[in-house]
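Here the structure is a predicted model, which means the values were calculated and not measured. Only heavy atoms go into these numbers, but all of them, side chains included; no hydrogens, no water, no symmetry mates.
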Amino acid sequence: MEFQAFLAATLVGHIGFAIFVTVHAFATDRDPGKWPFVTLAFGLAGIVAYFFYDPTESDRI
């Protein structure tokens, strides 16, 4: 795969993932917060964070 094609596919994938997070948050009446932007930047890692982040445990490190 050419580098430009790889970048285009990655960009399309990340945009699709961000749209998925936004639509899921809207459909489940959940605040998407920063997760669409995180997903846009980091792809699958953003999706995992969106589903597994628990704001009640944010003060724990």
Side-chain angles (χ1 to χ4, degrees):
M1 178 181 275
E2 293 181 25
F3 183 68
Q4 293 168 336
F6 171 76
L7 286 180
T10 300
L11 180 64
V12 169
H14 285 215
I15 290 170
F17 292 152
I19 290 170
F20 170 77
V21 167
T22 304
V23 169
H24 181 271
F26 178 74
T28 59
D29 199 30
R30 182 175 172 177
D31 179 28
K34 62 187 172 200
W35 299 117
F37 302 110
V38 172
T39 304
L40 188 61
F42 299 109
L44 288 175
I47 290 177
V48 170
Y50 168 74
F51 280 109
F52 292 107
Y53 175 75
D54 185 4
T56 60
E57 296 182 17
S58 64
D59 57 341
R60 294 172 143 187
I61 295 181

K.L.:
Among the clusters formed by ILVMFWY side chains lying less than 4.5 Å apart, do V38 and L44 turn up in the same one?
P.N.:
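Linked, V38 and L44 end up in one cluster.
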K.L.:
Going by atom type alone, with no hydrogens or angles, which donor-acceptor pairs under 3.5 Å involve a side-chain atom of residues 6-15 and a protein atom two or more places apart or on another chain?
P.N.:
unit_1 : atom_1 : unit_2 : atom_2 : d
T10    : OG1    : F6     : O      : 2.8
H14    : ND1    : L40    : O      : 3.1

K.L.:
Quick one: side chains of residues 26-34, donor-acceptor pairs under 3.5 Å with protein atoms, not counting sequence neighbours, listed by atom name and distance.
P.N.:
unit_1 : atom_1 : unit_2 : atom_2 : d
T28    : OG1    : H24    : O      : 2.8
R30    : NH2    : Y50    : O      : 2.7
D31    : OD1    : G33    : N      : 3.3

K.L.:
Under a 4.5 Å side-chain heavy-atom rule over Ile, Leu, Val, Met, Phe, Trp and Tyr, are F20 and F42 clustered together?
P.N.:
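Yes, F20 connects to F42 through the hydrophobic network.
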K.L.:
With clusters defined by side-chain heavy atoms of hydrophobic residues (ILVMFWY) lying less than 4.5 Å apart, directly or transitively, does I47 cluster with I19?
P.N.:
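No: no chain of side-chain contacts under 4.5 Å links I19 to I47.
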K.L.:
For a quick test of reading the model, state the closest non-hydrogen atom pair linking A49 to W35 and the distance between them.
P.N.:
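Taking every non-hydrogen atom into account, CB-CZ3, 3.4 Å.
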K.L.:
Listed by chain and number, what are the side-chain contact (heavy atoms from CB on, under 4.5 Å) partners of F37, not counting sequence neighbours?
P.N.:
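So F37 forms no side-chain contact (heavy atoms from CB on, under 4.5 Å) with any residue.
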K.L.:
With clusters defined by side-chain heavy atoms of hydrophobic residues (ILVMFWY) lying less than 4.5 Å apart, directly or transitively, does V21 cluster with F52?
P.N.:
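Yes: a chain of side-chain contacts under 4.5 Å links F52 to V21.
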